[in-house]
2 protein chains.
Amino acid sequence: MNGNTCIRLFADQAQIMACQVKLKTAQKAFSSLSAVLSLAGNEVRLKIMYLLEEENELCPCDLSDILGMTIPAISQHLKKLKDGGIVQTRKEGQTVFYSLVKEFLPTLNPFFTHINSETLKTEVP
Amino acid sequence: MNGNTCIRLFADQAQIMACQVKLKTAQKAFSSLSAVLSLAGNEVRLKIMYLLEEENELCPCDLSDILGMTIPAISQHLKKLKDGGIVQTRKEGQTVFYSLVKEFLPTLNPFFTHINSETLKTEVP
DNA sequence: CGATTATTTAAGCAATTGCTTAAATAATTA
DNA sequence: TAATTATTTAAGCAATTGCTTAAATAATCG
């Protein structure tokens, strides 16, 4: 970054430094949470997570049928979720069942709660 | 989408249709929530939101100093947050103060709680 | 008014995303 | 073993993202 900062005299230098310290101590939390949020920030993946929560486990095939998308498209989303540690797999014959990793439920549950309450709000007048 | 769906005989057709119905009723909730999550899924924007929650309001100048980024970079992130309805502005002289829109706090608070608790977890052994 | 300061906007560009189609892996079944 | 089925991987590509630099808007102050 070059010298594009502002020159203002009345900057609260103490406030700025305090904020920098807060960010620095929480750095790991910010990067891990933003990684999860960016995965959940895709509408298709958010739906996949929601469905896995509701149904416990689903195969790429089911998800493809439910979401009306091609298998490779689904598979690539699942790969990202698995790389992010959010889902796990169980193989049964040639079918692979995906499910949520329970350690992530505390992070994800507020999303699902939000979805359900928003839906109720609009559906029950 | 072409005919790339799977052929399996033992698909639970009732389950698939039930899932489709759930998604359809919650469609608006999914699209609005994923929009917020994708904004929060950027680490810089997540930090900006967190800082606005902690400090009540900040100007682009302050955020630039705190985050060590150029003013235009910050300004563009703030524009996205404003377009998403997450932040609002108040002008005082030539300074623009940004703050969180309170209607979003129920959605955002779990993130901040998560950040704070994760940080405590790692900092207090 | 003219210079300074805070912010926004625009253009450019490398990197990433999310799909498509086609091919490669595995596991099952005839 | 050969054909079928479920899934993954790879390559290609249009669209989006997030920065940079430079220019445009505004508001303040001498």
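So that the names make sense, note that chain A is the first sequence line, chain B the second, and so on, each numbered from 1.
Considering only side-chain atoms of Val96(B), the nucleotide from dT9(C), dT7(C), dT20(C) that sits closest is dT7(C). Considering only side-chain atoms of Pro72(A), the nucleotide from dA22(C), dT20(D), dT8(C) that sits closest is dA22(C). Distances from the side chain of Ala73(A) to the nucleotides dT9(D), dT7(D), dC19(C) place dC19(C) closest. Taking every side-chain heavy atom of Met69(B) into account, dC19(D) is the closest of dT7(C), dA26(D), dC19(D).
Annotation: proximity of residues 75-88 of chain B to DNA chain C (heavy atom, distance under 4.0 Å) is found for Ser75(B), Gln76(B), Lys79(B), numbered in ascending order.
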Lys22(A)/Glu54(B) under salt bridge (Lys or Arg N to Asp or Glu O under 4.0 Å): CA gap, chis, key distance, verdict | CA-CA 10 Å; Lys22(A) 279 183 199 171; Glu54(B) 292 275 306; 2.8 Å; yes

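If you take CD1 of Ile71(A) and C1' of dG18(C), they are 17 Å apart, rounded to a whole angstrom. One interatomic measurement links the two molecules: CG of Leu58(A) to P of dA6(D), which rounds to 15 Å at whole-angstrom precision. The distance from atom CZ of Arg45(A) to atom C1' of dG18(C) is 9 Å, rounded to the nearest whole Å. Atoms CG (Asn42(A)) and P (dG18(C)) sit 5 Å apart, rounded to a whole Å. As a whole-Å value, the separation of Lys91(B) NZ from dT28(D) C1' is 12 Å. One interatomic measurement links the two molecules: CG of Leu39(A) to P of dG18(C), which rounds to 9 Å at whole-angstrom precision. Atoms CG (Leu37(B)) and C1' (dT17(D)) sit 17 Å apart, rounded to a whole Å. In this structure, Lys47(B) places its NZ atom 14 Å from P of dG18(D), rounding to the nearest Å.
Under a 3.5 Å cut-off, the side chain of Glu55(A) and the backbone N or O of Ile16(B) do not form any donor-acceptor pair. A donor-acceptor contact shorter than 3.5 Å is absent between the side chain of Ser75(B) and the backbone of Ile71(B). Looking at Arg45(B), its side chain does come within 3.5 Å of a backbone N or O of Leu39(B) through a donor-acceptor pair.
Residues Tyr50(B) and Phe111(B) keep their aromatic ring centres 6.0 Å or farther apart.
Tracing side-chain contacts under 4.5 Å through hydrophobic residues (I, L, V, M, F, W, Y), one reaches Phe112(A) starting from Ile86(A); they form part of the same cluster.
Within the structure, every side-chain polar atom (N or O) of Thr95(A) is placed at least 4.0 Å from both OP1 and OP2 of dA6(D). Within the 4.0 Å cut-off from OP1 or OP2 of dA6(D), not a single side-chain nitrogen or oxygen of Tyr98(A) is found.
Paired with Glu57(B) under the rule side-chain contact (heavy atoms from CB on, under 4.5 Å), one option of Arg90(B), Glu92(B), Gln88(B) passes, and it is Arg90(B). A side-chain contact (heavy atoms from CB on, under 4.5 Å) with Glu53(B) holds for exactly one of Leu108(B), Leu105(B), Ile48(B); it is Leu105(B).
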Please enumerate all protein N or O atoms sitting under 3.5 Å from an N or O of nucleotides 28-30 of chain C, with distances to 0.1 Å.
none

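dA15(D) is paired with dT16(C) under the Watson-Crick or G-U wobble criterion, all donor-acceptor distances under 3.5 Å. Summarising the base pairing, dA22(C) is matched to dT9(D) through a Watson-Crick or G-U wobble pair whose two defining distances lie under 3.5 Å.
Counting only heavy atoms from C-beta outward, the side chains of Leu52(A) and Ser99(A) never approach each other to under 4.5 Å.
Taking both residues in full, the closest heavy atoms of Cys59(A) and Thr95(A) are given as CB-CG2, 3.6 Å, listed atom of the first, atom of the second, then distance.
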